[in-house]
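What you see is a predicted model; the values in this text were computed from it and never measured. The analysis underlying the following values was restricted to heavy atoms, covering all of them including side chains, and did not include hydrogens, waters or symmetry mates.
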Amino acid sequence: MHRRRFIATAAGLAAAGAAPPLRAAGSAARVLRFVPQANLTALDPIWTTAAVTTNHAYNVFDTLYGLDDELRVRPQMAEGHTVSQDGLTWEVRLREGLRWHDGEKVLARDCAASLDRWARRDTFGQSLAARVAEWGTADDRTIRIRLHRPFPLMLEALAKSAAIIPFMMPERLARTDPFKQVTEMVGSGPYRFLPGEYVSGSRVAYARFDGYVPRQEPPQRSSGGKVAHFDRIEWHVMPDAATAAAALQAGEIDWWDQVHPDLAPLLQRNRRVKVAVNDPMGYIGTLRFNCLHAPFDNAAIRHALLYAAKQEDYMRAVTANDPELFRLCPSMWPCGTPYGTEAGSEPLQGPRDLGRAKAMLRDAGYKGERVVILNPTDMPSMAPFGLVTADLLRRLDMNVELVETDWGSVVQRRSSRAPVEQGGWSIFHTWWPSLSIYTPAINPVLRGQGDKGWFGWYENAAVERMAEEWLSAPDEATRAAIAEQIQRVSFEQAPIIPLGQFFMRTAYRTDLSGFLTGSVPYAWNVRRG
């Protein structure tokens with residue numbers, strides 16, 4: 001990607017359409033035109049952790065509980081809950097007036113089936129499911145969850161707000177095999193998905209759901225009153241950052257989810273555009289290894305790369321050398337969260353030593369196996385990672401193939417468990433909102449679940465035992481000690497390489513207001529004026 005060409009193109013296009021169209025009195029004022037971070041290729045938020053799918057799903061689906069700005073659990077679809085004295089039976093009461101987009105009432109059996117499906121895919125959900133005897137109902141408005149043994153973090157699980165989220169679906173959809181995609185998008189959220197207007201690579205559209213009854217509390221993150229102020233939301237897929245920047249300056253779009261860092265200064269000079277950081281917790285860049293196949297089925301080979309990788313290279317590449325937008329974070333847990341320490345991180349923090357890394361690769365048995373790196377060219381917040389890694393591995397004399405494609409194709413291909421000779425992969429990069437990976441309960445990349453785990457299929461029985469101990473720990477000091485031990489094991493086994501913590505800017509027209517804090521571009525509460 002050529003930054004100067006991006007900037008010049010954006011400036012030229014903006015100048016050509018500098019006068020924004022008059023829209024306040026027309027129908028366009030009731031439409032929110034949004035540019036997502038990437039193309040939407042997967043619609044089912046239970047099937048994938050892709051953030052663009054999560055963002056889509058928040059328009060369509062709702063949750064039983066949400067989180068406020070202090071990360072406290074708040075009822076959402078739920079009216080409230082009760083817990084039996086022995087802690088083995090939870091009953092969640094649905095609030096009145098909930099309807100699906102097809103007009104049917106939301107029933108407890110819909111939600112019980114949705115929780116069952118979610119719990120088969122999500123890391124936290126799987127920990128909960130191991131203790132569940134039955135996802136059942138007491139009546140049409142009451143979900144009854146019976147447990148084999150107590151699960152004190154039940155509400156935290158039900159309020160999970162990032163990758164993968166327990167969204168509620170009608171029972172007929174929730175009965176779908178969780179390893180197959182649901183394609184019919186019927187939820188109970190503030191907007192309806194319009195399937196007839198969905199064109200992958202171009203456009204996604206939603207209409208306000210007039211049957212939605214918002215809560216009365218003020219909105220915060222994923223909780224509170226989800227008031228839809230627009231008749232329609234239109235997603236316009238624009239892989240080219242310069243095109244998106246020019247469209248925003250010209251008033252042809254209202255909101256650009258993730259601003260290319262090179263173009264932020266240009267947008268900041270436009271008085272009709274606001275550039276902001278909406279998630280102060282930031283994102284964690286991650287290099288993920290495929291632990292099923294050579295060469296990275298060998299932990300010693302993965303570990304050797306820690307001595308060669310340098311977070312600063314990745315962070316400067318993804319933020320265009322803007323020191324205000326990143327921090328080095330030599331931790332497996334997000335820095336600034338309770339478990340974000342440097343314990344065991346010496347290989348990552350020491351001076352780069354390519355000679356040592358090469359020797360370690362030879363000693364570990366690397367024999368020139370092909371390393372296929374998947375890299376999304378349409379994601380400026382990820383694409384630099386693949387380029388840095390490909391260059392680094394070539395300097396280590398590894399046999400590297402860089403496969404550059406769109407993010408949607410990466411999402412599809414990373415689910416393949418085949419060897420590279422049969423269309424598989426060795427490495428891909430991604431990022432996680434810090435909020436989505438800051439404890440052993442929810443962090444899928446450090447858990448050792450093997451075939452049942454996240455892409456890369458890292459298996460480690462000791463880590464799984466420690467995660468179970470964390471869930472049952474009697475106090476925070478014990479939990480912190482367990483999290484530190486998981487981190488030390490993770491630096492030894494290297495299922496990932498943490499690339500640093502960075503912050504992404506969003507940009508929108510100044511006639512919009514009502515934006516909420518969080519890693520998701522929440523569309524509710526946003527209004528014109």
Side-chain angles (χ1 to χ4, degrees), residues 37 49-52 54-55 57-58 63 65-74 122-124 153 155-157 159-165 218-224 257-259 261 264 274-286 311 314-315 318-319 322-342 345 379-382 385 429-446 476 479-480 483 486-487 496 498-508 514-526:
Q37 59 183 245
T49 56
V52 68
T54 296
N55 298 346
Y58 262 115
T63 56
Y65 292 85
L67 295 179
D68 66 14
D69 285 343
E70 302 300 319
L71 305 185
R72 295 172 297 196
V73 175
R74 301 296 189 192
D122 178 66
T123 302
F124 204 173
L153 298 177
L155 293 183
E156 285 79 1
K160 190 170 183 285
S161 63
I164 295 170
I165 298 163
Q220 292 186 3
R221 287 188 178 265
S222 57
S223 68
D257 183 17
Q258 292 183 3
V259 173
K274 171 73 172 178
V275 179
V277 172
N278 274 358
D279 186 6
M281 297 184 71
Y283 300 81
I284 303 299
T286 305
Q311 289 191 343
Y314 290 94
M315 291 294 94
V318 81
T319 63
D322 188 338
E324 295 183 0
L325 290 182
F326 74 87
R327 62 187 293 189
L328 304 184
C329 180
S331 172
M332 289 289 177
W333 308 108
C335 293
T337 63
Y339 307 139
T341 72
E342 299 182 4
S345 64
M379 287 282 282
S381 59
M382 291 183 194
F385 294 157
H429 304 79
T430 188
W431 45 253
W432 297 84
S434 293
L435 184 59
S436 69
I437 57 170
Y438 76 109
T439 75
I442 63 176
N443 189 320
V445 297
L446 301 187
E476 183 53 33
R479 284 191 286 270
I486 291 175
Q487 170 158 300
I496 65 167
L499 306 179
Q501 189 170 23
F502 66 107
F503 305 89
M504 286 188 271
R505 294 186 176 107
T506 192
Y508 48 86
F515 293 88
L516 301 178
T517 296
S519 59
V520 172
Y522 303 115
W524 57 84
N525 202 53
V526 177

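Across all non-hydrogen atoms, the minimal contact from Thr286 to Trp432 is OG1-CD1, 3.4 Å. Contact between Phe503 and Phe326 at its shortest, heavy atoms only, is CD1-N, 4.2 Å. Between Ala276 and Tyr508, the closest heavy-atom pair is CB-OH, 4.4 Å. Contact detail for Met332 and Gln487: the closest heavy-atom pair is N-OE1, 2.9 Å. Scanning all heavy atoms of the two residues, the minimum distance from Gln311 to Gly500 falls at NE2-N, 3.5 Å. Nearest heavy-atom pair, Leu435 versus Arg221, reported as atom, atom and distance to 0.1 Å: CD2-NH1, 3.7 Å.
Between Thr439 and Arg479, every side-chain heavy-atom pair lies at or beyond the 4.5 Å cut-off. Looking only at side-chain heavy atoms (C-beta outward), Pro498 and Tyr314 stay at 4.5 Å or farther from each other. Within the 4.5 Å cutoff, side-chain heavy atoms of Leu516 are placed close to those of Pro219. At a threshold of 4.5 Å between non-hydrogen side-chain atoms, the residues Phe502 and Tyr283 count as touching.
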_Using the rule given for side chain to side chain contact (heavy atoms under 4.5 Å, CB included), can you reason through Thr517 versus Asn278, listing the C-alpha separation, both sets of side-chain angles and the distance that settles it, and then say yes or no?_
CA-CA 5 Å; Thr517 296; Asn278 274 358; over 6 Å; no

*Begin with the C-alpha distance, continue with both residues' side-chain angles, and end with the deciding distance and a verdict on side chain to side chain contact (heavy atoms under 4.5 Å, CB included) for Ser222 and Tyr522.*
CA-CA 8 Å; Ser222 57; Tyr522 303 115; 4.2 Å; yes

*Could you go step by step and tell me if Met504 and Trp431 meet the side chain to side chain contact (heavy atoms under 4.5 Å, CB included) rule?*
CA-CA 11 Å; Met504 286 188 271; Trp431 45 253; 3.6 Å; yes

*Report the C-alpha separation of Ser434 and Ile284 in whole Å, then their side-chain angles, then the decisive distance to 0.1 Å, and conclude whether the side chain to side chain contact (heavy atoms under 4.5 Å, CB included) test is met.*
CA-CA 6 Å; Ser434 293; Ile284 303 299; 3.9 Å; yes

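The aromatic rings of Phe385 and His429 sit tilted, their planes meeting at an angle between 30° and 60°.
Under the 3.5 Å distance criterion, the side-chain polar atoms of Asp69 are left unmatched by any main-chain donor or acceptor of Gln220. Side-chain atoms of Gln501 come within 3.5 Å of backbone N or O of Cys335 as a donor-acceptor pair.
Here Leu71 contributes atom CG and Ser223 contributes atom OG; the two are 10.0 Å apart, rounded to the nearest 0.5 Å. Between Ile437 atom CD1 and Thr123 atom OG1 the span is 11.5 Å, to the nearest 0.5 Å. In this structure, OG1 in Thr319 is found 9.0 Å from CZ in Arg505, a value given to the nearest 0.5 Å. A distance of 5.5 Å separates CG in Asn55 from CD in Gln37, rounded to the nearest 0.5 Å. Annotation: the span from Phe124 atom CZ to Leu153 atom CG amounts to 5.0 Å, rounded to 0.5 Å. Atom CD1 in Ile442 sits 12.5 Å away from atom CD1 in Ile164 (nearest 0.5 Å).
Within 6.0 Å of the CD atom in Glu476, the count of heavy atoms belonging to other residues, nucleotides or ligands exceeds 12.
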